[in-house]
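Some notes on the structure that comes next.
In the text below, chain A, chain B and the rest are named by the order of the sequence lines, each starting its count at 1. Note that this is a predicted model, so its numbers are computed, not measured.
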2 protein chains.
Amino acid sequence: MAFATKKGASAKLRSAAFKRVRADHSAELAEDYVEMIADLIDERGEARCTDLALRLGVANATVVKTMRRLQVAGLINQEPYRAIFLTSDGWKMAEDGRRRHALVEKFLLALGVTRETARIDSEGIEHHVSAETLKAMAKFLARNGG
Amino acid sequence: MAFATKKGASAKLRSAAFKRVRADHSAELAEDYVEMIADLIDERGEARCTDLALRLGVANATVVKTMRRLQVAGLINQEPYRAIFLTSDGWKMAEDGRRRHALVEKFLLALGVTRETARIDSEGIEHHVSAETLKAMAKFLARNGG
DNA sequence: TTGGAAGTTTAGCATTTGCTAAATTATTTG
DNA sequence: CAAATAATTTAGCAAATGCTAAACTTCCAA
(Lines give C-alpha, C1' and ligand atoms only; values in the text may rest on other atoms or scores of the structure.)
Protein backbone atom coordinates (compact mmCIF):
# COMPACT_ATOMS: atom_id res chain seq x y z
CA MET A 1 0.00 0.00 0.00
CA ALA A 2 1.43 3.29 -1.06
CA PHE A 3 0.21 5.56 1.69
CA ALA A 4 -0.18 3.97 5.09
CA THR A 5 -3.37 5.65 6.23
CA LYS A 6 -6.01 4.25 8.54
CA LYS A 7 -8.55 2.24 6.65
CA GLY A 8 -10.48 -0.93 7.16
CA ALA A 9 -13.03 0.10 9.74
CA SER A 10 -14.29 3.20 7.99
CA ALA A 11 -14.00 1.52 4.64
CA LYS A 12 -16.16 -1.36 5.78
CA LEU A 13 -18.81 1.06 6.96
CA ARG A 14 -18.64 2.91 3.70
CA SER A 15 -18.89 -0.20 1.59
CA ALA A 16 -22.13 -1.17 3.31
CA ALA A 17 -23.98 1.56 1.47
CA PHE A 18 -22.82 0.27 -1.89
CA LYS A 19 -23.68 -3.27 -0.95
CA ARG A 20 -27.19 -2.12 -0.11
CA VAL A 21 -27.51 -0.39 -3.46
CA ARG A 22 -26.38 -3.54 -5.28
CA ALA A 23 -28.83 -5.66 -3.31
CA ASP A 24 -31.61 -3.16 -4.03
CA HIS A 25 -31.00 -3.54 -7.73
CA SER A 26 -31.70 -7.24 -7.76
CA ALA A 27 -34.98 -6.73 -5.92
CA GLU A 28 -35.92 -3.73 -7.99
CA LEU A 29 -36.65 -5.51 -11.22
CA ALA A 30 -38.80 -8.10 -9.50
CA GLU A 31 -40.75 -5.33 -7.81
CA ASP A 32 -41.33 -3.46 -11.03
CA TYR A 33 -42.60 -6.54 -12.80
CA VAL A 34 -44.80 -7.62 -9.91
CA GLU A 35 -46.26 -4.16 -9.45
CA MET A 36 -47.10 -3.97 -13.10
CA ILE A 37 -48.68 -7.41 -13.11
CA ALA A 38 -50.91 -6.25 -10.27
CA ASP A 39 -51.85 -3.13 -12.22
CA LEU A 40 -52.76 -5.16 -15.29
CA ILE A 41 -54.87 -7.59 -13.32
CA ASP A 42 -56.74 -4.72 -11.68
CA GLU A 43 -57.18 -2.78 -14.90
CA ARG A 44 -58.10 -5.48 -17.33
CA GLY A 45 -58.68 -8.68 -15.42
CA GLU A 46 -55.51 -10.48 -16.42
CA ALA A 47 -51.82 -9.95 -17.03
CA ARG A 48 -50.26 -11.10 -20.27
CA CYS A 49 -46.61 -11.22 -21.27
CA THR A 50 -47.20 -9.02 -24.27
CA ASP A 51 -48.77 -6.25 -22.23
CA LEU A 52 -45.98 -6.40 -19.70
CA ALA A 53 -43.39 -6.22 -22.45
CA LEU A 54 -45.12 -3.24 -24.01
CA ARG A 55 -45.39 -1.30 -20.76
CA LEU A 56 -41.89 -2.09 -19.55
CA GLY A 57 -40.38 -1.42 -22.93
CA VAL A 58 -38.59 -4.75 -23.23
CA ALA A 59 -38.85 -7.66 -25.66
CA ASN A 60 -41.34 -10.42 -25.17
CA ALA A 61 -38.74 -13.07 -24.61
CA THR A 62 -37.24 -10.99 -21.83
CA VAL A 63 -40.54 -10.99 -19.98
CA VAL A 64 -40.87 -14.74 -20.38
CA LYS A 65 -37.44 -15.34 -18.95
CA THR A 66 -38.12 -13.05 -16.03
CA MET A 67 -41.41 -14.81 -15.35
CA ARG A 68 -39.52 -18.03 -14.84
CA ARG A 69 -37.34 -16.36 -12.24
CA LEU A 70 -40.33 -14.82 -10.52
CA GLN A 71 -42.03 -18.19 -10.44
CA VAL A 72 -38.97 -19.81 -8.89
CA ALA A 73 -38.93 -16.95 -6.38
CA GLY A 74 -42.51 -17.78 -5.46
CA LEU A 75 -43.98 -14.47 -6.57
CA ILE A 76 -46.14 -15.57 -9.50
CA ASN A 77 -47.90 -18.62 -10.89
CA GLN A 78 -48.29 -19.32 -14.55
CA GLU A 79 -49.22 -22.28 -16.71
CA PRO A 80 -47.67 -22.39 -20.17
CA TYR A 81 -49.48 -20.16 -22.67
CA ARG A 82 -51.73 -18.83 -19.93
CA ALA A 83 -52.09 -15.57 -18.05
CA ILE A 84 -49.93 -14.65 -15.06
CA PHE A 85 -51.19 -14.75 -11.47
CA LEU A 86 -49.64 -13.35 -8.34
CA THR A 87 -49.08 -15.52 -5.29
CA SER A 88 -49.86 -14.04 -1.91
CA ASP A 89 -46.19 -13.10 -1.57
CA GLY A 90 -46.48 -11.48 -4.96
CA TRP A 91 -49.49 -9.44 -3.92
CA LYS A 92 -47.75 -8.37 -0.76
CA MET A 93 -44.74 -7.18 -2.72
CA ALA A 94 -46.94 -5.42 -5.27
CA GLU A 95 -48.87 -3.59 -2.60
CA ASP A 96 -45.73 -2.57 -0.73
CA GLY A 97 -44.33 -1.24 -3.96
CA ARG A 98 -47.49 0.65 -4.83
CA ARG A 99 -47.64 2.28 -1.43
CA ARG A 100 -44.01 3.32 -1.57
CA HIS A 101 -44.29 4.44 -5.15
CA ALA A 102 -47.41 6.53 -4.57
CA LEU A 103 -45.92 8.16 -1.52
CA VAL A 104 -42.67 9.09 -3.25
CA GLU A 105 -44.55 10.46 -6.24
CA LYS A 106 -46.86 12.56 -4.08
CA PHE A 107 -43.89 13.76 -2.11
CA LEU A 108 -42.10 14.92 -5.24
CA LEU A 109 -45.23 16.72 -6.40
CA ALA A 110 -45.52 18.45 -3.03
CA LEU A 111 -41.88 19.43 -3.35
CA GLY A 112 -42.87 21.32 -6.47
CA VAL A 113 -41.75 19.32 -9.48
CA THR A 114 -43.96 18.77 -12.51
CA ARG A 115 -46.28 15.80 -12.78
CA GLU A 116 -44.14 14.24 -15.49
CA THR A 117 -40.91 14.52 -13.53
CA ALA A 118 -42.55 13.17 -10.42
CA ARG A 119 -43.74 10.16 -12.37
CA ILE A 120 -40.37 9.42 -13.92
CA ASP A 121 -38.13 10.16 -10.92
CA SER A 122 -40.33 8.28 -8.46
CA GLU A 123 -39.89 5.18 -10.59
CA GLY A 124 -36.16 5.23 -10.03
CA ILE A 125 -36.16 6.53 -6.48
CA GLU A 126 -38.76 4.33 -4.85
CA HIS A 127 -36.49 1.33 -4.61
CA HIS A 128 -33.78 3.15 -2.70
CA VAL A 129 -35.86 4.81 -0.04
CA SER A 130 -35.57 3.30 3.43
CA ALA A 131 -38.48 3.02 5.84
CA GLU A 132 -37.12 5.93 7.80
CA THR A 133 -36.91 8.25 4.83
CA LEU A 134 -40.35 7.15 3.72
CA LYS A 135 -41.71 8.14 7.10
CA ALA A 136 -40.03 11.52 6.87
CA MET A 137 -41.63 12.03 3.46
CA ALA A 138 -45.03 11.13 4.87
CA LYS A 139 -44.56 13.61 7.67
CA PHE A 140 -43.63 16.30 5.20
CA LEU A 141 -46.74 15.54 3.18
CA ALA A 142 -48.92 15.76 6.25
CA ARG A 143 -47.53 19.22 6.92
CA ASN A 144 -47.66 20.43 3.33
CA GLY A 145 -51.05 19.58 1.89
CA GLY A 146 -50.46 15.96 0.84
CA MET B 1 -54.92 -9.89 -26.94
CA ALA B 2 -57.54 -10.93 -24.46
CA PHE B 3 -59.15 -7.62 -23.61
CA ALA B 4 -59.21 -5.04 -26.36
CA THR B 5 -58.45 -1.92 -24.36
CA LYS B 6 -56.66 1.17 -25.56
CA LYS B 7 -52.97 0.75 -25.23
CA GLY B 8 -49.92 1.60 -27.25
CA ALA B 9 -49.72 5.32 -26.76
CA SER B 10 -50.02 5.34 -22.99
CA ALA B 11 -47.91 2.23 -22.72
CA LYS B 12 -45.12 3.83 -24.67
CA LEU B 13 -45.19 6.82 -22.36
CA ARG B 14 -45.16 4.56 -19.36
CA SER B 15 -42.30 2.43 -20.63
CA ALA B 16 -40.11 5.52 -21.00
CA ALA B 17 -39.73 5.76 -17.24
CA PHE B 18 -38.47 2.20 -17.02
CA LYS B 19 -36.12 2.74 -19.89
CA ARG B 20 -34.67 5.73 -18.07
CA VAL B 21 -34.18 3.65 -14.95
CA ARG B 22 -32.38 0.95 -16.91
CA ALA B 23 -30.17 3.50 -18.61
CA ASP B 24 -29.42 5.11 -15.25
CA HIS B 25 -28.18 1.82 -13.92
CA SER B 26 -25.42 1.47 -16.48
CA ALA B 27 -24.18 4.98 -15.76
CA GLU B 28 -24.54 4.56 -12.03
CA LEU B 29 -21.72 2.13 -11.52
CA ALA B 30 -19.32 4.23 -13.52
CA GLU B 31 -20.27 7.27 -11.48
CA ASP B 32 -19.75 5.49 -8.19
CA TYR B 33 -16.33 4.27 -9.21
CA VAL B 34 -15.26 7.60 -10.62
CA GLU B 35 -16.49 9.53 -7.61
CA MET B 36 -14.60 7.25 -5.31
CA ILE B 37 -11.43 7.50 -7.36
CA ALA B 38 -11.66 11.27 -7.00
CA ASP B 39 -12.13 10.94 -3.24
CA LEU B 40 -9.10 8.70 -2.94
CA ILE B 41 -6.92 11.02 -4.97
CA ASP B 42 -7.96 13.97 -2.84
CA GLU B 43 -7.59 12.13 0.44
CA ARG B 44 -4.38 10.24 -0.09
CA GLY B 45 -2.79 11.45 -3.28
CA GLU B 46 -3.54 8.42 -5.42
CA ALA B 47 -6.20 5.83 -6.14
CA ARG B 48 -5.33 2.16 -6.00
CA CYS B 49 -7.44 -0.82 -7.04
CA THR B 50 -7.16 -2.37 -3.61
CA ASP B 51 -8.53 0.70 -1.87
CA LEU B 52 -11.37 0.97 -4.33
CA ALA B 53 -12.23 -2.67 -3.82
CA LEU B 54 -12.20 -2.25 -0.07
CA ARG B 55 -14.42 0.81 -0.07
CA LEU B 56 -16.87 -0.49 -2.63
CA GLY B 57 -17.03 -3.88 -1.00
CA VAL B 58 -16.16 -5.85 -4.14
CA ALA B 59 -13.29 -8.15 -5.08
CA ASN B 60 -10.08 -6.82 -6.51
CA ALA B 61 -10.53 -8.48 -9.85
CA THR B 62 -13.91 -6.83 -10.21
CA VAL B 63 -12.31 -3.41 -9.85
CA VAL B 64 -9.67 -4.27 -12.42
CA LYS B 65 -12.25 -5.36 -14.93
CA THR B 66 -14.29 -2.24 -14.37
CA MET B 67 -11.19 -0.08 -14.79
CA ARG B 68 -10.78 -1.45 -18.28
CA ARG B 69 -14.32 -0.42 -19.13
CA LEU B 70 -13.81 3.03 -17.63
CA GLN B 71 -10.62 3.43 -19.62
CA VAL B 72 -12.40 2.47 -22.84
CA ALA B 73 -15.10 4.98 -21.89
CA GLY B 74 -12.44 7.65 -21.59
CA LEU B 75 -12.99 8.35 -17.91
CA ILE B 76 -9.69 7.14 -16.47
CA ASN B 77 -6.08 6.52 -17.43
CA GLN B 78 -3.98 3.78 -15.99
CA GLU B 79 -0.71 2.06 -16.82
CA PRO B 80 -0.37 -1.59 -15.83
CA TYR B 81 0.49 -2.04 -12.15
CA ARG B 82 0.22 1.72 -11.56
CA ALA B 83 -2.23 4.06 -9.88
CA ILE B 84 -5.45 5.28 -11.48
CA PHE B 85 -5.88 8.80 -12.86
CA LEU B 86 -9.02 10.58 -13.96
CA THR B 87 -9.27 12.17 -17.39
CA SER B 88 -10.93 15.57 -17.62
CA ASP B 89 -14.18 13.82 -18.50
CA GLY B 90 -13.65 11.67 -15.43
CA TRP B 91 -13.18 14.71 -13.20
CA LYS B 92 -16.25 16.32 -14.64
CA MET B 93 -18.33 13.23 -13.88
CA ALA B 94 -16.86 12.93 -10.41
CA GLU B 95 -17.64 16.52 -9.58
CA ASP B 96 -21.16 16.30 -10.94
CA GLY B 97 -21.71 13.21 -8.83
CA ARG B 98 -20.30 14.81 -5.71
CA ARG B 99 -22.48 17.87 -6.10
CA ARG B 100 -25.60 15.80 -6.62
CA HIS B 101 -24.68 13.42 -3.86
CA ALA B 102 -23.98 16.15 -1.33
CA LEU B 103 -27.19 17.94 -2.17
CA VAL B 104 -29.35 14.85 -1.84
CA GLU B 105 -27.70 13.94 1.45
CA LYS B 106 -28.18 17.41 2.89
CA PHE B 107 -31.74 17.40 1.67
CA LEU B 108 -32.48 14.13 3.45
CA LEU B 109 -30.92 15.49 6.63
CA ALA B 110 -33.06 18.61 6.39
CA LEU B 111 -36.06 16.38 5.92
CA GLY B 112 -35.30 14.95 9.32
CA VAL B 113 -33.72 11.53 8.84
CA THR B 114 -30.67 10.39 10.79
CA ARG B 115 -27.16 10.98 9.51
CA GLU B 116 -26.66 7.28 8.85
CA THR B 117 -29.86 6.91 6.84
CA ALA B 118 -29.09 10.05 4.87
CA ARG B 119 -25.71 8.62 3.99
CA ILE B 120 -27.02 5.26 2.88
CA ASP B 121 -30.19 6.39 1.08
CA SER B 122 -28.49 9.21 -0.76
CA GLU B 123 -26.11 6.69 -2.25
CA GLY B 124 -28.99 4.89 -3.93
CA ILE B 125 -31.14 7.90 -4.71
CA GLU B 126 -28.61 10.29 -6.23
CA HIS B 127 -28.51 8.51 -9.55
CA HIS B 128 -32.23 8.73 -10.15
CA VAL B 129 -32.79 12.38 -9.39
CA SER B 130 -33.41 14.58 -12.41
CA ALA B 131 -32.14 18.13 -12.71
CA GLU B 132 -35.60 19.43 -11.99
CA THR B 133 -36.00 17.47 -8.77
CA LEU B 134 -32.51 18.46 -7.74
CA LYS B 135 -33.44 22.08 -8.15
CA ALA B 136 -36.57 21.58 -6.05
CA MET B 137 -34.43 20.03 -3.33
CA ALA B 138 -32.06 22.97 -3.42
CA LYS B 139 -34.96 25.36 -3.11
CA PHE B 140 -36.27 23.43 -0.13
CA LEU B 141 -32.85 23.58 1.48
CA ALA B 142 -32.64 27.31 0.96
CA ARG B 143 -35.95 27.69 2.77
CA ASN B 144 -35.17 25.23 5.55
CA GLY B 145 -31.75 26.06 6.89
CA GLY B 146 -29.58 24.06 4.49
C1' DT C 1 -63.77 -26.80 -38.64
C1' DT C 2 -59.89 -25.09 -40.19
C1' DG C 3 -56.47 -21.35 -41.41
C1' DG C 4 -54.23 -17.48 -40.17
C1' DA C 5 -53.21 -13.82 -36.80
C1' DA C 6 -51.77 -13.03 -32.30
C1' DG C 7 -49.52 -14.52 -28.39
C1' DT C 8 -46.02 -17.50 -26.11
C1' DT C 9 -42.00 -20.16 -25.72
C1' DT C 10 -37.33 -21.90 -26.92
C1' DA C 11 -32.76 -21.45 -28.54
C1' DG C 12 -28.84 -19.03 -28.81
C1' DC C 13 -26.34 -14.98 -28.26
C1' DA C 14 -24.16 -10.54 -25.88
C1' DT C 15 -23.04 -7.53 -22.03
C1' DT C 16 -22.51 -6.26 -17.31
C1' DT C 17 -21.09 -7.23 -13.00
C1' DG C 18 -19.75 -10.06 -9.67
C1' DC C 19 -16.52 -14.15 -7.87
C1' DT C 20 -12.03 -17.33 -6.86
C1' DA C 21 -7.62 -19.12 -7.90
C1' DA C 22 -3.28 -18.76 -10.08
C1' DA C 23 0.27 -15.99 -12.23
C1' DT C 24 2.73 -11.89 -12.45
C1' DT C 25 4.94 -7.50 -11.02
C1' DA C 26 6.33 -4.00 -7.37
C1' DT C 27 8.00 -2.80 -3.10
C1' DT C 28 10.02 -3.28 1.22
C1' DT C 29 13.10 -5.15 4.39
C1' DG C 30 16.53 -8.12 6.47
C1' DC D 1 20.48 -7.39 -3.41
C1' DA D 2 17.55 -11.23 -2.68
C1' DA D 3 13.56 -12.96 -0.29
C1' DA D 4 9.23 -11.99 1.50
C1' DT D 5 5.13 -9.39 1.27
C1' DA D 6 1.77 -6.75 -1.08
C1' DA D 7 -0.58 -5.36 -5.11
C1' DT D 8 -2.16 -6.23 -9.66
C1' DT D 9 -3.53 -8.84 -13.50
C1' DT D 10 -5.31 -12.90 -16.07
C1' DA D 11 -8.18 -16.79 -16.69
C1' DG D 12 -12.27 -18.86 -16.21
C1' DC D 13 -16.66 -19.13 -14.15
C1' DA D 14 -21.77 -17.66 -12.94
C1' DA D 15 -26.06 -15.07 -12.79
C1' DA D 16 -29.00 -11.38 -14.34
C1' DT D 17 -30.88 -8.98 -17.97
C1' DG D 18 -31.35 -7.69 -22.41
C1' DC D 19 -31.89 -9.03 -27.68
C1' DT D 20 -33.52 -11.60 -32.38
C1' DA D 21 -35.21 -15.37 -34.94
C1' DA D 22 -37.66 -19.54 -35.24
C1' DA D 23 -41.04 -22.80 -33.43
C1' DC D 24 -45.09 -23.68 -31.27
C1' DT D 25 -50.08 -22.79 -29.20
C1' DT D 26 -54.35 -20.56 -28.90
C1' DC D 27 -58.22 -18.40 -30.53
C1' DC D 28 -61.23 -16.11 -33.63
C1' DA D 29 -63.57 -15.78 -37.91
C1' DA D 30 -64.77 -17.23 -42.42
Side-chain angles (χ1 to χ4, degrees), chain A residues 1-5 7-8 11 15 18-34 36-37 40 44 46-73 75-85 127, chain B residues 1-5 7-8 11 15 18-34 36-37 40 44 46-73 75-85 127:
Chain A
M1 167 187 342
F3 293 73
T5 322
K7 65 170 160 183
S15 73
F18 292 100
K19 282 191 173 149
R20 237 263 328 246
V21 174
R22 284 197 297 274
D24 284 352
H25 280 170
S26 330
E28 188 162 337
L29 183 118
E31 277 185 23
D32 283 343
Y33 273 84
V34 161
M36 188 148 291
I37 291 167
L40 282 167
R44 42 175 63 198
E46 65 172 17
R48 287 279 168 179
C49 287
T50 307
D51 298 318
L52 274 177
L54 190 66
R55 289 208 184 175
L56 289 163
V58 301
N60 234 283
T62 301
V63 172
V64 172
K65 208 183 279 193
T66 304
M67 287 308 106
R68 201 158 343 164
R69 277 200 298 275
L70 294 189
Q71 187 144 35
V72 168
L75 294 165
I76 68 156
N77 274 133
Q78 187 191 22
E79 303 285 311
Y81 295 97
R82 287 284 118 99
I84 301 153
F85 297 96
H127 303 286
Chain B
M1 165 188 345
F3 294 73
T5 321
K7 66 171 164 184
S15 73
F18 292 100
K19 282 193 172 146
R20 238 262 327 249
V21 173
R22 285 197 296 274
D24 284 351
H25 281 170
S26 330
E28 186 162 340
L29 184 119
E31 276 185 24
D32 283 342
Y33 273 84
V34 162
M36 188 148 290
I37 291 167
L40 282 167
R44 42 175 62 199
E46 67 171 16
R48 285 278 169 178
C49 287
T50 307
D51 298 317
L52 274 177
L54 190 65
R55 289 208 184 175
L56 289 164
V58 302
N60 233 282
T62 301
V63 173
V64 172
K65 209 181 279 190
T66 304
M67 287 309 105
R68 200 157 344 161
R69 276 200 297 274
L70 294 188
Q71 186 144 32
V72 168
L75 294 166
I76 68 157
N77 274 133
Q78 187 191 23
E79 303 285 310
Y81 295 96
R82 288 284 121 100
I84 301 152
F85 297 96
H127 304 286

(message) Can you work out whether A:Arg68 or B:Val58 has the more 5'-proximal nearest nucleotide on DNA chain C?
(response) A:Arg68

Looking at [X], I'd like to know whether one of its side-chain N or O atoms comes within less than 4.0 Å of OP1 or OP2 on [N].
X	N	answer
A:Tyr33	D:dA16	no
A:Arg69	D:dT17	yes
A:Thr50	C:dT8	yes

(request) Quick one: pull up CE in A:Met36 and CG in A:Asp51 and give me the separation to the nearest 0.5 Å. (result)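 It is 10.5 Å, given to the nearest 0.5 Å.
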
Atom pair distance, as rounded to whole Å: [atom1] in [X] and [atom2] in [N]:
X	N	atom1	atom2	answer
A:Glu79	C:dG7	CD	C1'	17 Å
B:Lys19	D:dC19	NZ	P	8 Å
B:Asn60	D:dA11	CG	C1'	15 Å
B:Glu46	D:dT8	CD	C1'	13 Å

(message) Using side-chain heavy atoms (C-beta onward) and a distance below 4.5 Å, is A:Glu28 in contact with A:Glu31?
(response) no

(request) Taking the side chain as every heavy atom from C-beta outward, state whether A:Met67 and A:Tyr33 have any pair of such atoms under 4.5 Å apart. (result) yes

Minimum-distance nucleotide to [X] side chain [options: [options]]:
X	options	result
B:Gln78	D:dG18, C:dG7, D:dT9	D:dT9
A:Thr62	D:dG18, C:dG7, C:dT27	D:dG18
B:Ala61	D:dT20, D:dT8, C:dT20	C:dT20
A:Tyr81	C:dT17, C:dT9, D:dT10	C:dT9
A:Ala59	D:dT20, D:dT8, C:dT9	D:dT20
B:Arg82	C:dT17, C:dT10, C:dA26	C:dA26
B:Thr66	D:dA16, C:dG18, D:dT9	C:dG18

(request) Would you classify A:Arg22 as touching base, sugar-phosphate or nothing, given that sugar-phosphate means primed atoms plus P, OP1 and OP2, and contacts are heavy atoms under 4.0 Å? (result)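 The answer is sugar-phosphate, as A:Arg22 gets under 4.0 Å only of primed atoms, P, OP1 or OP2.
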
(message) Could you check whether any side-chain N or O of A:Gln78 sits under 3.5 Å from a backbone N or O of A:Arg82, counting only pairs where one atom can act as donor and the other as acceptor?
(response) yes

(request) Answer yes or no: side-chain N or O of B:Lys65 and base N or O of D:dG12 forming a donor-acceptor pair under 3.5 Å. (result) yes

